[in-house]
Amino acid sequence: MAALRPPRRALLRLCRAFSSGGCQLAPERGGERRDAAPSRVSRFCPPRKSCHDWIGPPDKYSNLRPVHFYIPENESPLEQKLRELRQETQEWNQQFWANQNLTFLKEKEKFIDSRLKAKGLELRAESGQKATLNAEEMADFYKQFLSKNFQKHMYYNRDWYRRNFAITFFMGKVALERIWNKLRLKRKKTIN
């Protein structure tokens, strides 16, 4: 069983990385994007008196549902770190998929346009409908796009798992902190 546990040093490094003032977000590989999608998520806003996290409608760029996190009045520093890590992870995830979807759509349009021009066809048929390619031709594009972005997706998955592990770790710490606080309150009540 001991072999299944992650090395203690790795855990300590991960905890230090996420418990320092601010969690650094992994940069997108391949440099900064000039054609990046807007980072603004939907304008969904939960009621002011809500005491729960709210999940909004899908963002039009990333297709992910934004989460508005509830901030309790008596939030402990550990709970605050957990919430901030979850918020940063959500923003990072939203931005990645907004950029990825924008890139996908642009490259897909270029591919369709180039294939139609090679066939001697226009983007619009005489009836006004947009011309399309068959499934086999589009399969070529999908394969090419996935191969081209393999490294980017690999880095994304690695960072996604790191973030989720850190979030899970902090959730465990918060749960232990809450249990400890309840036990202390019970002990004080029994003493009094």
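Side-chain atoms are counted along with the backbone in the values below, which use heavy atoms only and exclude waters and symmetry mates. Predicted model only: the values in this text are computed from it and were never measured.
- Applying the salt bridge (Lys or Arg N to Asp or Glu O under 4.0 Å) test to residues at least two apart or on different chains, the pairs with a partner in residues 132-143 are Arg115-Asp140, Lys119-Glu137.
- The side-chain contact (heavy atoms from CB on, under 4.5 Å) search around Glu75 returns Ile71, Pro72, Glu79, Gln80, Arg83, not counting sequence neighbours.
- With hydrogens and angles disregarded, no donor-acceptor distance shorter than 3.5 Å links the side chain of Asp113 to the backbone of Glu109.
- Residue Leu105 is grouped with residue Phe111 when hydrophobic side chains (ILVMFWY) are merged at heavy-atom distances under 4.5 angstrom, including chains of intermediate members.
- The side-chain hydrogen bond (donor to acceptor under 3.5 Å, both in side chains) test applied to Arg184 returns Asn181, not counting sequence neighbours.
- Smallest separation of non-hydrogen atoms from His153 and Leu146: CE1-CD2, 4.3 Å.
- Not counting sequence neighbours, Pro77 has no partner by the side-chain contact (heavy atoms from CB on, under 4.5 Å) test.
- Here the side chains of Asn164 and Trp160 are in contact, with some heavy-atom distance below 4.5 Å.
- Rounded to the nearest 0.5 Å, atoms NE2 (His68) and CG (Asp53) are 10.5 Å apart.
- Contact annotation: the side chain of Leu64 never approaches that of Asp59 to less than 4.5 Å [non-hydrogen atoms, C-beta and beyond].
- Rounded to the nearest 0.5 Å, atoms CG (Asn149) and CD (Gln144) are 10.0 Å apart.
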task = Would you check, one step at a time, whether the test side chain to side chain contact (heavy atoms under 4.5 Å, CB included) holds for Lys152 with Phe96?
result = CA-CA 10 Å; Lys152 184 193 280 188; Phe96 175 84; 3.8 Å; yes

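- Hydrophobic side-chain contacts under 4.5 Å tie Leu183 into a cluster, directly or through other members, with Ile179.
- Using modelled atom types, one finds a donor on one side chain and an acceptor on the other under 3.5 Å when comparing Asn93 with Tyr156.
- In the hydrophobic clustering, where aliphatic and aromatic side chains (Ile, Leu, Val, Met, Phe, Trp, Tyr) are joined below 4.5 Å either directly or transitively, Met154 groups with Phe150.
- Considering only residues two or more places apart in sequence or on other chains, Asn101 meets the side-chain contact (heavy atoms from CB on, under 4.5 Å) condition with Asn63, Trp97.
- When all heavy atoms of Arg65 and Pro58 are compared, the pair lying nearest together is NH1-CD, 3.5 Å.
- In this structure, OG1 on Thr103 lies 6.0 Å from CD on Gln100, to the nearest 0.5 angstrom.
- Counting heavy atoms from C-beta outward, Arg158 and Arg162 have side chains that approach closer than 4.5 Å.
- When the salt bridge (Lys or Arg N to Asp or Glu O under 4.0 Å) test is applied to Lys110, no partner is found at least two apart in sequence or on another chain.
- No salt bridge links Arg163 with Asp159; every basic N to acidic carboxylate O contact stays at or beyond 4.0 Å.
- Of all non-hydrogen atoms in Ser76 and Glu177, the two that sit nearest each other are OG-OE1, 2.8 Å.
- With rounding to the nearest 0.5 Å, the separation of OG in Ser62 from CD in Glu91 is 12.0 Å.
- Linking ILVMFWY residues whenever their side-chain heavy atoms come closer than 4.5 Å, directly or via other members, places Met171 and Leu78 in the same cluster.
- In this structure Glu107 satisfies the salt bridge (Lys or Arg N to Asp or Glu O under 4.0 Å) test together with Lys148, sequence neighbours excluded.
- In this structure, the side-chain contact (heavy atoms from CB on, under 4.5 Å) partners of Lys108, at least two apart in sequence or on a different chain, are Phe104, Ile112, Met138, Phe141, Tyr142.
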